[in-house]
A.B. asks: 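Can you read through this structure? Questions will come right after.
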Amino acid sequence: MSLVPTVHLPDDLAAALTRRLAATVPTQASAQVDRLIENYRGATPTAAPVLRDAADAAAYAAYRMPATYAAARSALAALRARTAGWTPAVHLDLGGGTGAARWAVADAWPGDAGPAGTVLDWSAAALDLGRALAAGSATPSVRATTWTRAPLSGAPDLPPADLVTVSYVLGELTPGDRAALVDAAAGAARAGGVVLVAEPGTPDGYARVIAARDRLTAAGFTVLAPCPHSGPCPVTGTDWCHFAARVPRSALHRQVKGGTLPYEDEKFSYVAALRPAGAGADAAPAAHRVVRHPQTRKGQVLLDLCAASGDLTRTTVSKRLGPLYRAARDARWGDPWPPDGTERERPEPSE
Ligand SMILES: C[S@@+](CC[C@H](N)C(=O)[O-])C[C@H]1O[C@@H](n2cnc3c(N)ncnc32)[C@H](O)[C@@H]1O
């Protein structure tokens with residue numbers, strides 16, 4: 001079992017990307033990809049869209065969309081596990097670009113009656129490509145997505161939604177605009193609705209997530225994932241809380257990014273927080289979250305956990321704990337602990 005969970009693109013998204021981009025996507029040496037890499041490494045907000053034209057949007061979709069999809073899909077899986085039986089009726093994707101989070105939401109809550117959705121972004125080129133990709137979706141709700149050009153700086157006026165995603169966007173905004181966008185997202189979330197913020201799993205990305213988390217909790221939201229509590233984050237100093245998703249690299253991906261590995265690991269930080277009421281009745285954070293790769297020793301597994309108490313702890317799960325030990329051997333970085341459904345399992349008698 002790989003240490004990092006693999007996230008596969010849905011077949012219809014992979015096919016749509018190949019169909020739309022294989023013939024036109026720039027090669028790794030192209031000016032578009034170089035510029036995008038430079039922009040996304042930099043922390044400088046721009047006054048105009050980074051994705052300026054169809055070639056930029058194509059480069060982004062080939063170069064970054066599989067990874068941002070994987071990050072959003074992983075965070076949504078964690079959220080879904082905390083909100084038993086809840087399906088958001090309306091999804092609002094802020095700075096949604098080519099639609100990675102939109103596809104991820106449809107995959108997280110599958111079915112023909114999946115969440116209806118709107119993508120807001122200021123890049124017409126990204127929206128055009130997103131719309132074209134979505135037209136190839138097997139899921140009616142993805143095909144029916146509304147793609148709306150909208151600047152998100154200032155304090156945007158947003159329509160109400162059950163799930164508001166802000167995925168890999170805050171880094172492109174000034175600190176003032178970031179705060180205003182998080183506040184606007186919080187204001188758009190209906191009672192029982194959720195705001196999900198995801199950023200690259202870097203110290204800067206984590207700092208932006210924590211700042212967003214602080215604003216959401218100050219507005220009365222309850223953190224559902226990844227944190228087991230809504231108090232101050234215990235990860236401080238030079239450390240930063242992040243997770244990883246493994247993204248298999250397609251031929252298209254390799255065409256843009258080069259490299260020999262058949263996969264790449266996307267590191268991401270995120271927070272999903274609930275405006276209490278309604279669906280919140282069944283929503284609760286995990287008791288603990290595994291925050292590092294578990295370490296396996298002979299007859300025991302060492303788990304580094306973030307706990308509901310608000311502390312970081314290390315627990316040793318020994319073989320004598322039977323089912324819990326077997327669960328610990330399967331646990332991975334980013335998982336809830338104990339795994340859902342085993343909270344009430346009792347240790348087996350000592351050997
Ligand atoms: C890194 S991309 C992320 C796209 C998408 N959310 C994803 O996860 O793949 C950032 C997106 O935010 C959009 N964006 C950045 N600043 C914006 C602004 N001020 N108003 C509206 N959209 C903005 C960009 O056009 C781009 O599509």
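Whatever order the structure lists ligands and atoms in, that order sets their numbers, starting from 1. One-based numbering along the sequence shown.
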A.B. asks: Is G96 close enough to touch ligand 1? Criterion: a residue heavy atom under 4.0 Å from a ligand atom.
C.D. replies: yes
A.B. asks: Near S123, which atoms of ligand 1 are under 4.0 Å from a heavy atom of that residue?
C.D. replies: 25 (O)
A.B. asks: What do you reckon, does G95 have a nitrogen or oxygen under 3.5 Å from a nitrogen or oxygen of ligand 1?
C.D. replies: yes
A.B. asks: Of all the atoms in ligand 1, which lie at a distance below 4.0 Å from a heavy atom belonging to T68?
C.D. replies: 7 (C), 8 (O), 9 (O)
A.B. asks: Hey, is ligand 1 close enough to V169 that some N/O pair sits below 3.5 Å?
C.D. replies: no
A.B. asks: Please could you name the atoms of ligand 1 that A150 approaches to less than 4.0 Å, counting only its heavy atoms?
C.D. replies: 20 (N), 21 (C)
A.B. asks: Any chance the side chains of T165 and H91 put a donor and an acceptor closer than 3.5 Å?
C.D. replies: yes
A.B. asks: What's the shortest heavy-atom distance between R149 and W122, and which atoms?
C.D. replies: NE-O, 3.3 Å
A.B. asks: Apply the test side-chain contact (heavy atoms from CB on, under 4.5 Å) to residues D56 and Y60: give CA-CA distance (whole Å), side-chain angles for both, the deciding distance (0.1 Å), then the verdict.
C.D. replies: CA-CA 6 Å; D56 284 348; Y60 179 82; over 6 Å; no
A.B. asks: For Y168, is at least one N or O under 3.5 Å away from an N or O on ligand 1?
C.D. replies: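 No, since none of the N or O atoms of Y168 sits under 3.5 Å from an N or O of ligand 1.
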A.B. asks: Mind checking salt bridge (charged side-chain N to carboxylate O under 4.0 Å, His left out) for D311 and listing every partner two or more places apart, or none if nothing turns up?
C.D. replies: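 Expected list: none.
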A.B. asks: Enumerate the atoms of ligand 1 whose separation from the nearest heavy atom of G97 is less than 4.0 angstrom.
C.D. replies: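 Selected atoms, number and element: 27 (O).
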A.B. asks: Do the side chains of L173 and L92 join up, straight or via other hydrophobic residues, at under 4.5 Å, putting them in one cluster?
C.D. replies: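 Yes: a chain of side-chain contacts under 4.5 Å links L173 to L92.
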A.B. asks: Once you measure the plane-to-plane angle for F243 and F268, does it fall in the parallel (<30°), tilted (30-60°) or perpendicular (>60°) bin?
C.D. replies: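 Answer is tilted, since the angle falls between 30° and 60°.
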A.B. asks: For ligand 1, note which part of A100 has a heavy atom under 4.0 Å away: side chain, backbone, both or neither.
C.D. replies: side chain
A.B. asks: Is it true that A101 lies under 4.0 Å from ligand 1, counting heavy atoms only?
C.D. replies: no
A.B. asks: Taking the six-membered ring of Y263 as reference, does the NZ or CZ atom of R246 fall below 6.0 Å from its centre and within a 45° cone about the axis?
C.D. replies: yes
A.B. asks: L127 and L129: same hydrophobic cluster, using ILVMFWY side-chain contacts below 4.5 Å?
C.D. replies: no
A.B. asks: What's the verdict on side-chain contact (heavy atoms from CB on, under 4.5 Å) for T98 and W103, showing C-alpha distance, side-chain angles and the deciding distance?
C.D. replies: CA-CA 10 Å; T98 53; W103 285 82; over 6 Å; no
A.B. asks: For the 3.5 Å polar cut-off, considering only N or O atoms, please tell me whether S167 and ligand 1 meet it.
C.D. replies: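 Yes.
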A.B. asks: Heavy-atom pairs closer than 4.0 Å: do any link ligand 1 to the side chain of Y60, the backbone, both, or neither?
C.D. replies: side chain
A.B. asks: Considering only heavy atoms, does V50 approach ligand 1 within less than 4.0 Å through its side chain, its backbone, both, or neither?
C.D. replies: neither
